[in-house]
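Take a look at the structure below.
Along the sequence shown, residues are numbered consecutively beginning with 1.
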Amino acid sequence: MSDDRGIAEAVERLRAGGLVAFPTETVYGLGADARNVEAIGRIYALKGRPPGHPLIVHLASADELGDWAAEVPAAARRLAERFWPGPLTLILPCSPSVAAALRGGQPSIGLRVPSHPVAQRLLRAFGGGIAAPSANRYGRVSPTTAQHVRDEFGADAPLVLDGGDCSVGLESTIVSCLDELLLLRPGGVPATELEAVVGPLRRASQGEGPRAPGTTLAHYAPSTPLRLVAPAAVDAGVDAMSAVLARGPRPLAYAGPLWIDAGSDPVRYGHDLYANLRRLDRAGARSIIVESVPGEPAWEAVRDRLARSAAACPAEEMA
Ligand code: TXA
Ligand code: MG
């Protein structure tokens with residue numbers, strides 16, 4: 001339901017202060033009119049997200065930056081020119097007209113121009129900014145299909161525009177462009193591509209920068225305890241009660257409920273990651289074992305999400 005009628009109904013709901021889930025190239029977003037404080041409150045309520053965690057505002061094009069940002073530093077402009085529309089979020093000094101609820105009390109605002117055609121059509125038809133976090137309950141795995149959103153919220157699910165499977169499958173890369181350029185979250189645009197445009201980017205250390213859900217250590221968690229294991233230790237760590245996310249074929253001796261070979265291509269692996277975590281979570285296993293991934297730059301966003309998923313399940317719970 002993302003034809004003209006679907007878009008028209010979504011716009012009507014947004015104008016009335018309601019919520020609409022919509023596809024982006026990264027993950028599905030849970031959207032509201034970014035100028036409507038009550039509508040923004042509904043996002044926090046449905047997600048169960050603590051107040052004080054800022055939302056990203058989605059725009060149809062960089063031409064609308066001036067409505068939201070007080071200032072656009074030259075480096076931010078270069079990144080926007082090169083990577084928008086696309087999976088990049090820029091944190092910029094905030095225009096005073098922006099509601100505090102939206103920016104979690106920060107003096108800054110997160111802005112992104114998504115490339116997904118349904119997101120683009122929705123934004124253009126709506127004619128304003130749409131605030132949207134990932135359309136999952138707080139701390140859980142992000143949705144990459146319309147069905148994931150429906151599964152996530154059940155009877156409470158808002159209208160969902162179905163744009164198919166998200167092509168990137170991991171959230172946007174977030175770069176803070178305030179006093180210095182800072183990589184807050186690795187994501188859909190590899191940091192090496194950003195660095196080719198603006199030079200070396202410092203990585204935010206844990207706890208640095210504003211409080212932000214995707215940057216808290218424990219996040220993106222399935223309900224089944226998940227453990228990250230070095231490749232050489234996978235076979236020894238697996239038993240008949242564990243479901244496995246590996247990067248190689250299922251060994252003959254494996255007798256557990258689900259073995260996924262996610263392959264060795266980081267883009268493909270990232271695209272499939274959240275759907276795979278949902279499948280593993282439903283496998284009826286006592287634990288999920290994930291084979292750790294290479295240390296190369298191309299795996300940075302995947303490594304980040306796996307580390308956070310694992311951190312949400314302290315090892316003691318694994319017994
Ligand atoms: O790919 C994405 O970015 C998806 C799609 C829907 O656009 N959205 C997404 O939103 O991942 P969310 O809310 O799940 O994660 C957004 C991250 C959070 O860590 C949030 O705190 C951070 O962006 N953020 C937003 N505004 C910020 C600000 N002013 N300063 C620092 N971080 C900010
Ligand atoms: Mg999220």
Side-chain angles (χ1 to χ4, degrees), residues 1-49 51 53-69 84-87 89 94-95 97-104 109-138 142-167 171-172:
M1 134 107 215
S2 59
D3 53 3
D4 289 348
R5 282 222 346 255
I7 298 281
E9 186 178 347
V11 166
E12 213 170 284
R13 293 203 188 191
L14 291 172
R15 294 214 170 112
L19 303 183
V20 171
F22 64 98
T24 81
E25 67 280 20
T26 59
V27 300
Y28 275 70
L30 182 63
D33 178 354
R35 294 287 185 198
N36 181 330
V37 175
E38 274 128 53
I40 293 163
R42 288 189 188 105
I43 293 180
Y44 285 87
L46 183 58
K47 266 187 80 95
R49 184 177 188 153
H53 290 238
L55 302 177
I56 295 173
V57 176
H58 297 70
L59 307 175
S61 91
D63 298 344
E64 295 165 32
L65 269 177
D67 297 344
W68 303 91
W84 281 355
T89 296
C94 188
S95 153
S97 67
V98 174
L102 186 62
R103 48 193 165 83
I109 180 144
L111 298 168
R112 156 160 136 77
V113 176
S115 64
H116 194 293
V118 174
Q120 275 289 330
R121 278 167 59 212
L122 178 67
L123 285 160
R124 285 176 196 279
F126 179 62
I130 299 180
S134 50
N136 52 278
R137 294 194 192 269
Y138 180 68
S142 300
T144 54
T145 68
Q147 190 57 45
H148 291 165
V149 181
R150 295 187 204 106
D151 293 346
E152 191 71 24
F153 296 112
D156 298 331
L159 174 70
V160 184
L161 291 176
D162 191 342
D165 183 29
C166 300
S167 60
E171 297 82 353
S172 60

[X] side chain to [Y] main-chain N or O, any donor-acceptor pair under 3.5 Å?
X	Y	value
Arg112	Gly86	yes
Glu171	Thr26	no
Gln120	Ser115	no
Glu152	Arg137	yes
Arg42	Gly18	no
Tyr44	His53	yes
Arg124	Ala60	yes
Arg103	Gly110	no

Practice problem: Run the salt-bridge test on Glu9 and Arg13 with the 4.0 Å N-O cut-off and return the result as yes or no. | Solution: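 Between Arg13 and Glu9 there is a salt bridge, with a charged N closer than 4.0 Å to a carboxylate O.
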Residue pair [X] / [Y], side-chain heavy-atom distance below 4.5 Å:
X	Y	result
Val160	Arg150	yes
Pro54	Ile109	no
Ser97	Arg35	yes
Val20	Pro158	no

Which heavy-atom pair separates [X] from [Y] by the least distance, and what is that distance?
X	Y	result
Gly163	Val118	CA-CG2, 4.2 Å
Glu25	Pro87	OE2-N, 3.4 Å
Ala34	Ala131	CB-N, 3.7 Å
Val149	Pro143	CG2-CB, 3.7 Å
Gly17	Ala39	O-CB, 3.4 Å
Leu122	Ile7	N-CD1, 4.0 Å

Self-check item: CA sep, side-chain torsions, deciding dist, call: Asn136, Lys47, side chain to side chain contact (heavy atoms under 4.5 Å, CB included)
Solution: CA-CA 6 Å; Asn136 52 278; Lys47 266 187 80 95; 3.7 Å; yes
How far does [atom1] of [X] sit from [atom2] of [Y], to the nearest 0.5 angstrom?
X	Y	atom1	atom2	result
His116	Tyr28	NE2	OH	6.0 Å
Thr145	Asp151	OG1	CG	7.0 Å
Ile40	Leu102	CD1	CG	4.5 Å
Ile130	Leu14	CD1	CG	5.0 Å

Quiz item: Tell me, which pairs form a ring-ring contact (aromatic ring centres under 6.0 Å, His included) where one or both residues lie in residues 144-165, sequence neighbours left out?
Solution: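 Every candidate ring-ring contact (aromatic ring centres under 6.0 Å, His included) pair involving residues 144-165 fails, so no pair, neighbours aside, qualifies.
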Practice problem: Evaluate side chain to side chain contact (heavy atoms under 4.5 Å, CB included) for Ser172 paired with Ile56, printing each intermediate quantity in order. | Solution: CA-CA 10 Å; Ser172 60; Ile56 295 173; 4.2 Å; yes
Practice problem: Applying ring pair (Phe, Tyr, Trp, His ring centres under 6.0 Å) between His58 and each of Trp84, Phe22, Phe126, report the one that passes. | Solution: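 Exactly one option meets the ring pair (Phe, Tyr, Trp, His ring centres under 6.0 Å) with His58, and it is Phe22.
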